[in-house]
Each structure stands twice: as structure tokens, then as C-alpha cells.
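Okay, structure first, notes after.
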Amino acid sequence: MTDSQPKADLQHYLQAARDTLLWKLEGLSEYDVRRPLTPTGTNLLGLVKHAAGVELGYFGETFRRPFAETPPAYGDDAEANQDMWATAEESREDILALYRRVAEHADATIAELPLDAVGNVRWWPGERSRVTLHQILIHVIADLQRHAGHADIVRELVDGTVGLRSGTDNMPPGDRAWWEEYRQRLERVAREAG
């Protein structure tokens, strides 16, 4: 077996994570994609901005393949957590365009390097910093899927939309009344167990 099939499989799952994350923004107002809906400020557009930074670092710097630009959120003078939210000056289109450019850069790194290509993650401890493209692909897929899960919850809080992708919700059938009864049942069970 050549490394093209495993690489293609990993690329497929990476793209699926990207697609899911981006779909969570579709059809929402500018306010709703920016709304902080957790105590730590998690919001949909911030998750996409963060994902761009994840891919930028792991598929760029790690493999000595610098990106053509340094977005302000990733510069040396960026404030803490600046990659997790969009400023008033950054539009949704700005963030999405950045993510598309970063994904293209990441895809080029993946296409041009073998899975056993060695890189260095400078922000990881020394004993773990030497990595392969294979390891980084798995790491980034896991990270993006984790953030896609965050986006699932945030989107459900915004407008009730759930699911894996448009047209595929992967949820049991049930109308609003069924789901409310289901939730109330879980609440009763939690109280009884607690």
C-alpha cells in the first residue's frame, strides 16, 4: 500500500471537519455568529478564526512552510485569546476568506510532503516537539472535530439547528414537543440520581 490512500483518508476527515465547522455559520446573522454563548465566550465565528490559526501553525510553521501573511490574531503582539473572536473590524467574509487561504496552504503542505515528513512544533515540550505529518494530521483532525462539537452546541443554543451537515441531522425523529418531553425526562432522571 502506498501512502496516498492513508493520506487521502486523513485529508477526507480533515475536510469533513472543516465543512461541518463552516456549515454551522450558514443562515445566521452577524450578531448570532459572534454571540458569546458560554462563560468563556465561545462563539461560532471565533471557532472558525481559531481553526484557521490551528491549521496555520501546524501545517505552516511546523513544517517550515511559512504562510504569506501574519493575521493580527497570530502576531507576536496579539492579545490573549484574540484568535477566539472576531473584532468589530473583522467581517465574517474576512474570517472565512482567511480560513480558505489557510486551508489551501495546509492542503499544499499535505500534498507536497510524505506522511513521514518531520516537523517541529515549537510550542510543544521539547520531548514531544519532533513530529511527523501523519501525527499532525491526526492531531489537527481531532482538534477541528472537537471545535466542530463546540459549534454544534453553540448553534443549537442560537436557533435549535442540530446535525452533522446540511440535510443530515443524524438525530432521532421527533418534533419540538417530543424533544421537550425527552429533555424533561432527562432532567427528572438527573435530579433522582443526584
Is the shortest side-chain heavy-atom distance between [X] and [Y] below 4.5 Å?
| X | Y | value |
| --- | --- | --- |
| V118 | L133 | no |
| D107 | Q11 | yes |
| N120 | E61 | no |
| E69 | R101 | yes |
| L144 | E55 | yes |
| Y99 | L56 | no |
| V48 | L22 | yes |

Is it true that [X] and [Y] fall in one hydrophobic cluster, defined by side-chain heavy atoms closer than 4.5 Å?
| X | Y | result |
| --- | --- | --- |
| V54 | L25 | yes |
| V158 | I95 | yes |
| I153 | L44 | yes |
| L113 | V121 | yes |

Has [X] got a side-chain atom pairing as donor or acceptor with [Y]'s backbone, closer than 3.5 angstrom?
| X | Y | value |
| --- | --- | --- |
| D9 | P6 | no |
| R92 | V33 | no |
| N81 | E79 | no |
| T42 | T38 | no |
| K49 | M84 | no |

If the condition is side chain to side chain donor-acceptor pair (under 3.5 Å), which residues does [X] pass it with, not counting sequence neighbours?
| X | value |
| --- | --- |
| R64 | none |
| Q145 | none |
| T109 | R65 |
| E187 | R191 |

Taking only residues two or more places apart in sequence, or in another chain, which ones meet [X] in a ring pair (Phe, Tyr, Trp, His ring centres under 6.0 Å)?
| X | result |
| --- | --- |
| Y58 | W123, W124, H139 |
| H105 | F67 |
| Y182 | W178, W179 |

With rounding to the nearest 0.5 Å, note down the distance linking [atom1] in [X] to [atom2] in [Y].
| X | Y | atom1 | atom2 | result |
| --- | --- | --- | --- | --- |
| Q82 | D77 | CD | CG | 8.0 Å |
| Q135 | L137 | CD | CG | 10.5 Å |
| I110 | F59 | CD1 | CZ | 4.0 Å |
| R100 | E93 | CZ | CD | 9.0 Å |
| L98 | E90 | CG | CD | 8.5 Å |
| H150 | T40 | NE2 | OG1 | 8.5 Å |

Practice problem: Tell me yes or no: between the side chains of D116 and T132, is some donor less than 3.5 Å from an acceptor? | Solution: no
Counterpart residues, side chain to side chain contact (heavy atoms under 4.5 Å, CB included), relative to [X] (two or more places apart):
| X | value |
| --- | --- |
| A142 | none |
| Q184 | E180, E181, R188 |
| I138 | L10, H134 |

Self-check item: All pairs passing salt bridge (charged side-chain N to carboxylate O under 4.0 Å, His left out) where residues 127-153 contributes a residue, at least two apart
Solution: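 Of all non-adjacent pairs touching residues 127-153, those that pass salt bridge (charged side-chain N to carboxylate O under 4.0 Å, His left out) are K24-D152.
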Least distance between heavy atoms, [X] atom then [Y] atom:
| X | Y | result |
| --- | --- | --- |
| A52 | V102 | O-CG1, 3.3 Å |
| L14 | V140 | CD1-CG1, 3.9 Å |
| S91 | R34 | CA-NH2, 3.7 Å |
| A148 | T20 | CB-CG2, 4.0 Å |

Quiz item: Among all residues two or more places apart in sequence or in another chain, which pass the salt bridge (Lys or Arg N to Asp or Glu O under 4.0 Å) test with D32?
Solution: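 So D32 forms a salt bridge (Lys or Arg N to Asp or Glu O under 4.0 Å) with R35.
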Quiz prompt | Evaluation steps, side chain to side chain contact (heavy atoms under 4.5 Å, CB included), between V154 and N43 | solution = CA-CA 7 Å; V154 172; N43 63 90; 5.6 Å; no
